[in-house]
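Here's the structure we're looking at; comments come further down.
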2 protein chains.
Amino acid sequence: MNMNKTEGLPEQAGNETSDLSKARLRAWLQILKVSRKIEGELREKMRLEFNTTLPRFDVLAALYRERDGMRMSALSKSLMVSNGNVTGIVDRLVTEGLVVRVPVENDRRASIVQLTEAGEKDFAERALVHEGWVSELFSDLSPGDADALIRILRNISHHNEAPHD
Amino acid sequence: MNMNKTEGLPEQAGNETSDLSKARLRAWLQILKVSRKIEGELREKMRLEFNTTLPRFDVLAALYRERDGMRMSALSKSLMVSNGNVTGIVDRLVTEGLVVRVPVENDRRASIVQLTEAGEKDFAERALVHEGWVSELFSDLSPGDADALIRILRNISHHNEAPHD
DNA sequence: GGCAGATATTTCAAACCCAAAATATTTATG
DNA sequence: CATAAATATTTTGGGTTTGAAATATCTGCC
């Protein structure tokens, strides 16, 4: 018996549009929807309250976690955006005086991007407000659901891991 | 004992960076991470396999669900992007022959965007492959977790509802 | 009819984003 | 040492994205 059941079997290649496949597609579309809505809200708040943009904030956040600074390549990997992209964002942060490019000893190709004192101060203040915004936008998210969400999403991240976490 | 625990207490207004607030922030960052990674994978596949882009595919998908066509404003609301944005994407789809702009009876301001036969055919084929990609990227997502994910994310969507779902 | 305000869309400037090519530098290998 | 391959970053070209301003049109009110 059990001959026609597929439990334990690997997924069938030609089995397009199974129920499971459709459920996963719905899940993905829902992730996309929430992601876009929250990102839009945060972008607007950033602009109105802080007169800055989300990508710039993200760069500052990454640098705040690594006080010794990061290379451009480390930044782009951490933020999951392209190399060339980070160049422009860091350029703007430099002109704003929030970060600096420090040459690397013994490697004249690379440079390390670091928060200035002003950048550190600015970010520290803004991070608190930002966390408040997020908490407000997610105020329907119970502790249990938050944990479940994080667990499920981590599973997905880990599976699609290109280099490492 | 148990005197210092805060379980059951309502959220404190001035209590920035409470545990719950931090959990929600982590949840948001995880959503962002998954969203970016999956979007990047899909973008690359779209480019290599279909020689198209994600935004164009999204517009075709919306139009495929509404065979009678949609107004520009309905499109931008549905995709949660700005009005001006849709203009450029539809322009490109028009030159590719996948959609057409049909004037609206009694309202010369508006136009209705509709799939052409070629657009319909193209999308129908690609949608199946796309669903397969998503299912593969989410292959670690069990049916139970998919349902939980959708439920939790819907809660969040509903809370942040500007006009309607 | 005339006209103020609302609505639908496009245009515009600035920023972001990617992939690929270009540049500069370092490392490894003969 | 020379030089091919690898590495780090910037530049480039095409596309996407937003918010605001500009256009065109419609609706309601006098």
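First the proteins, then the strands, lettered A, B, ... as listed; each starts at 1.
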Please tabulate the protein-to-nucleotide N/O contacts below 3.5 Å involving nucleotides 17-19 of chain D, giving atom names and distances.
from: D:dT17; atom 1: OP2; to: B:N85; atom 2: ND2; distance (Å): 3.3
from: D:dT17; atom 1: O5'; to: B:N85; atom 2: ND2; distance (Å): 3.1
from: D:dT18; atom 1: OP2; to: B:S82; atom 2: N; distance (Å): 2.5
from: D:dT18; atom 1: OP2; to: B:S82; atom 2: OG; distance (Å): 3.0
from: D:dT18; atom 1: OP2; to: B:N85; atom 2: ND2; distance (Å): 3.3

Find out whether B:L42 and B:H130 are in side-chain contact, i.e. whether some heavy atom of one side chain is under 4.5 Å from a heavy atom of the other. yes
Select from A:A110 and B:N106 the residue whose nearest nucleotide in DNA chain D is closer to the 5' end of that strand. A:A110
Once side-chain hydrogen bond (donor to acceptor under 3.5 Å, both in side chains) is applied, do any residues pair with B:R47, and if so which ones, sequence neighbours excluded? none
Under 4.0 Å from any atom of DNA chain C, heavy atoms only: list the residues of residues 95-103 of chain B that qualify, in numerical order. B:R101
Could you tell me whether the side chain of B:S135 reaches within less than 4.5 Å of the side chain of A:L25, counting heavy atoms only? no
Less than 4.0 angstrom from a charged side-chain N to a carboxylate O is my criterion; do A:E125 and A:K121 meet it? yes
Are any of the side-chain heavy atoms of B:L149 and A:I31 separated by less than 4.5 Å? yes
Within 45° cone and under 6.0 Å: B:R24 NZ/CZ vs A:F138 ring: no
For B:T53 and for A:R109, locate the closest nucleotide of DNA chain D by heavy-atom distance; then report the residue assigned to the nucleotide nearer the 5' terminus. A:R109
Range on DNA chain C touched by chain A, heavy atoms, distance below 4.0 Å: C:dA15 to C:dT26
Please report whether the ring centroid of B:F50 lies less than 6.0 Å from that of B:W133. yes
Side chain to side chain, B:L60 and B:L98, heavy atoms closer than 4.5 Å: yes
Are A:R67 and A:E120 within salt-bridge range, i.e. N to O under 4.0 Å? yes
Just wondering, do B:I156 and A:K37 contact through their side chains at under 4.5 Å, heavy atoms? no
Proximity to the side chain of B:R92 - top-ranked nucleotide from D:dT10, D:dC26, D:dG15: D:dG15
Is there a side-chain contact between A:V134 and A:L137 in this structure, where contact means two heavy atoms from C-beta onward sitting under 4.5 Å apart? no
Let me check something: any side-chain donor-acceptor pairs from residues 79-96 of chain B under 3.5 Å, sequence neighbours excluded? List them with distances.
from: B:S82; atom 1: OG; to: B:N85; atom 2: N; distance (Å): 3.4
from: B:N83; atom 1: OD1; to: B:S76; atom 2: OG; distance (Å): 2.8
from: B:D91; atom 1: OD1; to: B:R101; atom 2: NH2; distance (Å): 2.1
from: B:R92; atom 1: NH1; to: B:G88; atom 2: O; distance (Å): 3.3
from: B:T95; atom 1: OG1; to: B:R92; atom 2: O; distance (Å): 2.8
from: B:E96; atom 1: OE2; to: B:R56; atom 2: NH1; distance (Å): 2.6

Is there a side-chain contact between B:M70 and B:V113 (heavy atoms, below 4.5 Å)? no
Does A:R108 have a side-chain nitrogen or oxygen under 4.0 Å from the phosphate oxygens OP1 or OP2 of D:dT9? no
From CG of B:D91 across to P of D:dG14 the rounded distance in Å is 17 Å
Within residues 57-64 of chain A, the residues having a heavy atom closer than 4.0 Å to DNA chain D are none
Comparing B:D107 with A:L54, nearest DNA chain C nucleotide closer to 5' gives the residue B:D107
